[in-house]
Each structure stands twice: as C-alpha cells, then as structure tokens.
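The block underneath contains the structure these notes are about, expressed in structure tokens.
Owing to the predicted nature of the structure, the values given are computational and were not obtained by experimental measurement.
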Amino acid sequence: MNEEKFTGKADVYDKYRPAYPAEIVQWLYEKTRAATVADVGAGTGRFTTCLSAKPWKITAVEPNADMRERLRENCPDAEIVDASAERTGIAAASIDLVTAAQAFHWFDRERFKAECRRILTPNGRLALVWNNHRESDFRRDRDKVFITYCGICDSVGNGAKDGDLFLRNEYFSAMEYFSATHSVTMDEAQFVGYSLSHSYSPKKGDEHYDAFVDALRGIVRKHQRNGRVEVSYEATCYLGTL
C-alpha cells in the first residue's frame with residue numbers, strides 16, 4: 001500500500017466523502033455479534049464513525065499521518081493504530097471482525113489475508129465494503145472528466161464485475177453479501193470537493209487542476225436541479241471467512 005497517496009487530501013476527504021448506510025453496520029452486527037472490530041485503512045474515519053453506533057470495541061488502523069490526525073478527532077473512543085494493512089501490530093487472535101471500507105484495493109491482497117488470519121479469532125470474519133456509483137447519465141459524464149484529466153476513474157474497471165467474481169470465488173472460503181442503495185445531494189462546491197478527494201485527482205498547482213475543476217462545475221450545471229445534483233450509490237459488503 002502506498003501510504004502517501006492521500007497526503008494533503010485529509011480535509012477534502014473528511015468533508016466531502018459520503019458516509020455509509022446504517023443498514024450495512026446493522027447487518028454486520030447481526031451477522032457477527034462481534035465484541036472487537038478492527039477497521040483497517042480507516043482514513044479519516046468515515047466508516048469507523050458508522051461502526052461506533054454499535055457496542056463493539058473498535059481499533060482503527062491508518063498509516064497516513066494526515067488522515068490519522070483527522071481520524072483521532074472523529075473517533076475519540078477508538079484505539080488508533082499507526083500501521084499498514086499488511087502489518088497492523090494488533091495482537092494475534094484478538095479481533096472478531098476486520099473491516100476495510102473503500103480501502104481493500106490499496107492492499108497487498110495475500111499479505112493482508114495473512115494478517116487477517118493472524119489477528120482474527122477462530123470464528124472471526126472479514127468485511128470488505130465499498131460505496132459504488134450507480135449507473136446514470138450524470139455518472140457517465142463524471143467518468144469522462146476523470147478519464148480525461150486523471151487517466152483513471154473508480155467507476156471504470158475497478159470493480160464491480162471482476163472484483164465481485166474474485167471475492168466470491170477466490171478470496172474467501174465462505175462469503176455472504178449485502179447491499180443498500182442511498183443518495184447524496186451535492187451543490188457545486190461539494191461535488192468539486194468530493195471529486196478532489198480521490199487519490200488520483202490533481203492537487204492545486206498541478207497542470208490540469210483548473211481544467212479539471214472547470215469540467216466538474218460544468219457537469220453540475222448540466223445536471224443540477226435548484227443548484228444541486230443527486231449522486232446515487234450502492235453500498236456493498238462482502239462478509240467472509242478466510
């Protein structure tokens with residue numbers, strides 16, 4: 001995992017990234033009844049904060065200093081660990097549930113699996129969670145801008161079909177799946193801020209930054225209603241044993 005990808009992006013990440021539906025956490029709690037949970041690649045705590053709705057003891061693992069500083073502010077009751085997903089430093093056989101929200105794609109898959117096996121209790125499980133953009137004309141226009149100015153887009157080639165097959169058929173020995181749709185309305189500033197929170201988005205001063213931001217604003221103006229756009233997501237969770 002490249003631990004510096006989000007350096008300088010903690011503020012926009014924390015302010016503009018969407019939260020996760022409460023149904024995901026409720027489902028995980030009902031399925032696992034875990035006493036201890038480790039949220040790995042916790043970032044600024046977007047999912048860690050959702051986990052705090054349940055009475056489990058939370059450990060949040062985040063290697064990036066900028067993100068970890070905001071994580072401490074957002075999740076004062078969690079134990080915060082400065083470590084990577086592949087070497088968490090958590091005691092062996094001490095965690096009932098490991099979670100990774102919007103983070104697994106950054107990990108070394110096999111080393112992370114080995115680390116989960118080390119820290120999980122005998123009946124412990126791993127939950128991998130994503131917020132995926134749902135298909136729409138707005139999303140297609142957004143994707144074009146990202147591909148043009150960033151050369152990559154999280155809606156294209158990231159996921160969903162190949163990743164789903166891999167997780168169902170290769171990564172887990174047994175797996176359960178849950179999804180929940182939700183929407184976030186954003187004004188122009190919020191959508192631009194959210195778009196800038198991605199690791200591959202240009203930073204202020206980069207060559208294509210101004211053109212990227214102008215193109216994003218154009219998308220909002222094209223699709224807006226009363227100055228706002230609705231961004232639709234499907235939150236997905238893969239809960240499995242290793």
Side-chain angles (χ1 to χ4, degrees), residues 6 10-64 66-83 85 88 90-91 94-107 112 116 119-121 123-134 167 172 175-186 190 193-194 197 230-242:
F6 288 96
D11 288 343
V12 292
Y13 193 105
D14 189 54
K15 187 174 182 179
Y16 297 116
R17 280 292 178 111
Y20 297 82
E23 296 97 313
I24 294 278
V25 173
Q26 181 65 31
W27 182 76
L28 286 172
Y29 186 69
E30 291 175 356
K31 285 290 182 180
T32 66
R33 295 294 174 179
T36 54
V37 57
D39 190 29
V40 179
T44 66
R46 301 301 286 158
F47 192 65
T48 321
T49 302
C50 298
L51 289 169
S52 66
K54 298 301 177 184
W56 35 38
K57 180 182 177 183
I58 300 173
T59 300
V61 179
E62 174 52 48
N64 183 276
D66 288 354
M67 305 288 270
R68 195 170 56 252
E69 181 178 354
R70 191 56 59 88
L71 174 64
R72 285 197 178 95
E73 296 172 2
N74 292 335
C75 305
D77 295 329
E79 179 184 356
I80 309 300
V81 177
D82 173 7
T88 65
I90 295 172
S94 64
I95 299 296
D96 298 318
L97 174 65
V98 172
T99 63
Q102 214 74 21
F104 177 71
H105 47 282
W106 297 118
F107 304 163
F112 176 60
C116 288
I119 67 175
L120 283 170
T121 55
N123 294 317
R125 287 191 275 181
L126 167 64
L128 303 176
V129 181
W130 281 273
N131 261 328
N132 299 310
H133 286 270
R134 298 181 71 194
L167 293 173
F172 292 113
M175 192 213 76
E176 296 180 80
Y177 176 83
F178 182 82
S179 68
T181 59
H182 64 118
S183 297
V184 179
T185 59
M186 301 181 185
Q190 289 168 326
Y194 162 69
S197 74
E230 182 176 7
V231 185
S232 297
Y233 297 93
E234 180 180 16
T236 59
C237 180
Y238 298 81
L239 174 65
T241 54
L242 297 170

Q) Does the distance from a Lys or Arg side-chain N to an Asp or Glu carboxylate O, for R33 and D96, drop under 4.0 Å? A)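 Between D96 and R33 there is no salt bridge, as every charged N stays at least 4.0 Å from the carboxylate O atoms.
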Q.
Give me the atom names and distance for the closest heavy-atom approach of A10 to R70.
A. O-NH1, 4.5 Å
**Q.** Minimal non-hydrogen separation, T44 against N74, with atom names
**A.** O-ND2, 2.8 Å
Q: Among R46, R17, H182, find the residue that satisfies the side chain to side chain donor-acceptor pair (under 3.5 Å) test when tested with N131.
A: H182
Q) How far does OG1 of T241 sit from CG of L120, to the nearest 0.5 angstrom? A) 10.0 Å
Q) Within the distance-only criterion (no hydrogens, no angle test), does the side chain of T36 pair as donor or acceptor with the backbone N or O of S94 below 3.5 angstrom? A)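 Answer holds: yes.
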Q) Any chance the side chains of K54 and Q26 put a donor and an acceptor closer than 3.5 Å? A) yes
Is the closest side-chain heavy-atom distance between [X] and [Y] below 4.5 Å?
X	Y	answer
D77	S52	no
L126	F104	no
V98	V40	yes

**Q.** Steps toward side chain to side chain contact (heavy atoms under 4.5 Å, CB included) verdict (I80, E62)
**A.** CA-CA 8 Å; I80 309 300; E62 174 52 48; 5.8 Å; no
Q | Candidate list T48, L51, D39, test side chain to side chain contact (heavy atoms under 4.5 Å, CB included), partner C75, passing option | A | T48
Q: Assess whether side chain to side chain contact (heavy atoms under 4.5 Å, CB included) is satisfied between T99 and V37, documenting all intermediate values.
A: CA-CA 7 Å; T99 63; V37 57; 3.9 Å; yes
Q.
Quick one, T32 with L239, criterion side chain to side chain contact (heavy atoms under 4.5 Å, CB included). Give me CA distance, side-chain angles, the key distance, then yes/no.
A. CA-CA 9 Å; T32 66; L239 174 65; 4.1 Å; yes
(Q) So, applying ring-ring contact (aromatic ring centres under 6.0 Å, His included) with Y20, which one of F178, Y233, F47 is it? (A) F47
